[in-house]
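Atoms within a ligand are numbered from 1 in the order they appear, just like the ligands themselves.
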Amino acid sequence: MIEVDRQPEPCDSGHMELLRWQVGDATVFRIADVDATAALQGLIPKFNSAAVSRAPWLTPNFVDGMGRLRGMVQAFLIMIDGQTIIVDPGVGNGKRRTAVPGWDNLRTDFLGRLQAAGVEPGGIDHVVNTHLHFDHVGWHTQLVSGTWQPTFPDARYLISAEEFRYWQSVPKNQIADQHAAFTDSVLPVHEAGLVDLVTDDHVVTEGVRLLPTPGHTPHHVSVIIESSGQSAVITGDVMHHPCQIAYPDWGASDFDASQAQASRVNLIERFADSDTLIIGTHFADPVAGRIRREGTTFHLAATDN
Ligand SMILES: [Zn+2]
């Protein structure tokens with residue numbers, strides 16, 4: 001039996017509604033897990049109010065009235081051609097995490113929100129990871145009778161082979177929560193035989209593929225959706241916040257800061273002034289928009305669809 005928590009969520013849980021975008025024949029849903037505003041404070045050391053005032057489009061959706069970065073932990077559900085794919089399923093419930101206040105032993109209604117999108121855990125065909133940080137792999141497993149069991153038992157979990165090997169090597173310069181997540185969220189699905197170790201440009205299914213965007217972690221990837229002449233990109237943590245579109249040199253706890261910046265600049269320039277929808281993995285509502293060039297800078301023109 002699966003123990004699905006239905007406990008009340010923290011009162012600062014932010015925007016939790018299901019959001020939906022259509023990308024050609026693909027339907028994409030935002031499945032919220034937990035508010036990330038607390039986690040974002042201090043994450044981008046170069047963030048400053050003077051620079052934010054020069055990018056007024058950031059307020060109030062992405063920077064609140066108190067000058068704080070707003071953000072989310074959220075997964076994205078892609079339904080395309082009979083395939084159901086979930087990207088970066090959150091922090092997870094009941095995990096011991098100490099890095100972010102309020103994220104230890106969470107009890108969110110993530111699976112209830114998945115059901116609201118019409119999908120049961122057993123209906124997921126592919127779980128895709130942009131990287132293996134603890135806020136992207138948590139719902140891989142749930143605690144069942146004292147052991148961590150796969151949440152999506154009929155899915156293939158697609159992980160960059162090189163990213164997996166990096167975390168398998170137990171890098172010492174990482175916070176404890178990352179090691180804990182590899183142990184309680186990634187290894188159990190690997191041991192259950194559900195992981196496919198893939199290349200960084202892997203094709204998940206026709207219309208959904210990985211785009212290498214290394215730097216935040218050694219083999220970080222973003223996810224491209226292309227269908228019937230329309231396209232979208234799910235960023236992962238190549239950028240944590242839209243302020244990094246205005247200021248791509250603003251890093252955020254990146255493994256390789258210069259490589260992360262290069263990946264960010266490449267992504268911004270590649271999609272600027274195109275119709276490609278940018279879906280920000282940690283962006284606050286409305287979460288998605290298109291990158292527009294304004295002289296020598298860029299901004300996100302937010303959209304609800
Ligand atoms: Zn993250």
Side-chain angles (χ1 to χ4, degrees), residues 13-16 30-45 47 62 68-77 86-93 95 97-104 106 108 110 127-140 157-160 163-164 166-167 171 173-182 184-186 210-223 233-245 248 250-257 259-261 263-264 267 278-285 287-288:
S13 54
H15 297 278
M16 295 289 145
R30 178 278 291 276
I31 311 294
D33 191 26
V34 65
D35 186 84
T37 295
L40 282 170
Q41 309 318 307
L43 188 73
I44 300 175
F47 176 79
F62 305 120
R68 297 183 311 166
L69 295 161
R70 301 184 66 234
M72 288 292 294
V73 173
Q74 53 203 346
F76 298 100
L77 188 70
I86 194 163
V87 181
D88 283 355
V91 175
N93 274 5
K95 307 267 158 115
R97 304 288 184 256
T98 57
V100 178
W103 283 10
D104 186 35
L106 273 179
T108 77
F110 181 84
V127 183
V128 173
N129 281 129
T130 62
H131 62 302
L132 296 182
H133 278 167
F134 70 98
D135 54 323
H136 297 255
V137 301
W139 278 103
H140 284 19
Y157 289 69
L158 309 182
I159 298 174
S160 157
E163 179 81 6
F164 183 85
Y166 168 73
W167 290 104
N173 61 338
Q174 300 283 349
I175 64 170
D177 284 350
Q178 314 293 16
H179 300 301
F182 191 72
D184 64 31
S185 304
V186 178
L210 308 184
L211 173 73
T213 46
H216 179 60
T217 63
H219 288 270
H220 183 282
V221 297
S222 302
V223 180
V233 56
I234 296 172
T235 60
D237 287 2
V238 65
M239 52 182 70
H240 287 72
H241 189 277
C243 68
Q244 293 169 291
I245 294 173
W250 287 6
S253 298
D254 298 316
F255 172 79
D256 182 327
Q259 190 183 42
Q261 181 175 331
S263 289
R264 202 154 43 242
L267 187 139
I278 308 299
I279 302 175
T281 292
H282 287 303
F283 291 6
D285 291 20
V287 178

Practice prompt. Specify which N/O/S atom of D237 comes nearest to the Zn ion (ligand 1), by atom name.
Written response: OD2

Discussion item. Exactly one of H140, H220, H136 should register a side chain to side chain donor-acceptor pair (under 3.5 Å) with N129. Which one does?
Written reply: H140

Worksheet entry | Qualifying residue for side chain to side chain contact (heavy atoms under 4.5 Å, CB included) with V186, from F164, W167, Y157, F134 | F164

Worksheet item: Under a 4.0 Å N-O cut-off, is there an ion pair linking D237 with R264?
Response: no

Worksheet item: Would you call R97 and D135 a salt bridge, using N to O less than 4.0 angstrom?
Response: no

Worksheet entry | Angle, OD2 of D135 through the Zn ion (ligand 1) to NE2 of H136 - 10° precision | 100°

Item to complete: Assess H133: does it contribute an N, O or S atom lying under 2.8 Å from the Zn ion (ligand 1)?
Response: no

